[in-house]
Structure formats: structure tokens, C-alpha cells
Undergrad: 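Have a look at this one before I ask anything.
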Amino acid sequence: MRIRLMFEPKPGVQCNVNEMFRCYAENYLSDFPQFVWGGYIVMDVKEHKYNMNAAGEPFYQFVATDVTDELLTQVKEYVKTNPMHGYHTHMHVGMPNENEQAVKYD
């Protein structure tokens, strides 16, 4: 199983320096060394929580592969109880060779 975490900035947050956000998110995810930096990704604007601009906005992402159900449960609980300040975290889960699906954690 694969988990993809995508971070959508809340209104007024402007962090558009890749290395700065990467350091911030690596610190946030430090209890989960399985996650690796994935750069950024564009999500369907209908899935955005804040930015409804038709052009969308790229979100920074971290990805973990070969994930167990136990780790998925831990990550969902962590994101729910410890949200990253200034960002909404979108979580998608997928099996190898299958499309990812959004996961609700709140």
C-alpha cells in the first residue's frame, strides 16, 4: 500500500520555497521515516479545501510505500490530532497498479 500526503496552504499562507517547506514537513513527519519528499503535485481543484481557483495550485507532497494497515491508522490519527500549522493535509492511499483514493481522517 502507498500513502501520499499533500499539503494545501490555508488562506494567507505563502510558503513557496521548496527547501523551506521540505524542512518544515520533514520535521512534522519525523516520527514517520517511511515518508520521502515527493516535490509537488497538482490535485483536481474539486478536491481542494481552500483554493477553488480553476487553475488550481500545486501542493507539496510526501509519499510512503510498502505501508501496513497499522501505519496507515497511525498516520491518520497523527494528522487528525496534530495538524500541520498553516496547511490542510490531504491523504490518498493506493495499492500497486491501482488508482489512489482520498482518505478521510477527520
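Fair warning: this is a prediction, and the values are worked out from it, not measured in the lab.
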Undergrad: With hydrophobic residues grouped by side-chain heavy-atom distances under 4.5 Å, do Leu5 and Val63 end up in a single group?
TA: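 Cluster IDs for Leu5 and Val63 differ.
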Undergrad: I'd like to check Tyr50 versus His88 (side-chain heavy atoms, cut-off strictly below 4.5 Å). Are they in contact?
TA: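 Sidechains of His88 and Tyr50: in contact.
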Undergrad: Pairs in or reaching into residues 32-42: which pass salt bridge (Lys or Arg N to Asp or Glu O under 4.0 Å), with residues at least two apart or in two chains?
TA: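 Checked against salt bridge (Lys or Arg N to Asp or Glu O under 4.0 Å) - neighbours excluded - no pair reaches residues 32-42.
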Undergrad: Sequence neighbours left out, cut at 3.5 Å: what donor-acceptor pairs do the side chains of residues 19-29 make with other protein atoms?
TA:
residue: Arg22; atom: NE; partner: Glu26; partner atom: OE2; Å: 3.1
residue: Tyr24; atom: OH; partner: His85; partner atom: O; Å: 2.8
residue: Tyr28; atom: OH; partner: Asn82; partner atom: O; Å: 2.8

Undergrad: Examine the side chains of His92 and Gln61 and answer whether a donor and an acceptor come within less than 3.5 Å of each other.
TA: no
Undergrad: Could you grab the distance from atom CD of Gln101 to atom CZ of Arg4, nearest 0.5 Å is fine?
TA: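 That separation rounds to 12.5 Å.
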Undergrad: Rounded at 0.5 Å granularity, tell me how far CZ in Phe62 sits from CZ in Phe7.
TA: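 It comes to 6.5 Å.
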Undergrad: Which pairs of donor and acceptor atoms, one on a side chain in residues 32-43, lie under 3.5 Å apart (sequence neighbours left out)?
TA:
none

Undergrad: Shortest non-hydrogen contact from Val79 to Met91?
TA: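 It is CG2-CE, 4.2 Å.
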Undergrad: Got more than 12 heavy atoms from elsewhere within 6.0 Å of CG, Asp44?
TA: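 More than 12 heavy atoms, drawn from other residues, nucleotides or ligands, come within 6.0 Å of this atom.
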Undergrad: Identify the two heavy atoms, one from His90 and one from Glu8, that lie closest to each other, and give their separation to 0.1 Å.
TA: NE2-OE1, 2.6 Å
Undergrad: Can you see which heavy atom on Arg2 is nearest to which on Met95, and at what distance?
TA: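 The pair with the smallest heavy-atom distance is NH2-O, 4.1 Å.
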Undergrad: Nearest 0.5 Å please: distance from the NZ atom of Lys76 over to the CD1 atom of Ile3.
TA: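 One finds 9.0 Å between NZ of Lys76 and CD1 of Ile3.
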Undergrad: Does any non-hydrogen side-chain atom of Val75 lie less than 4.5 Å from one of Tyr105?
TA: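 No; the side chains remain at least 4.5 Å from each other.
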Undergrad: Identify which one of Leu71, Thr65, Asp69 satisfies the side chain to side chain contact (heavy atoms under 4.5 Å, CB included) criterion when paired with Val67.
TA: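 Exactly one candidate clears the test, Leu71.
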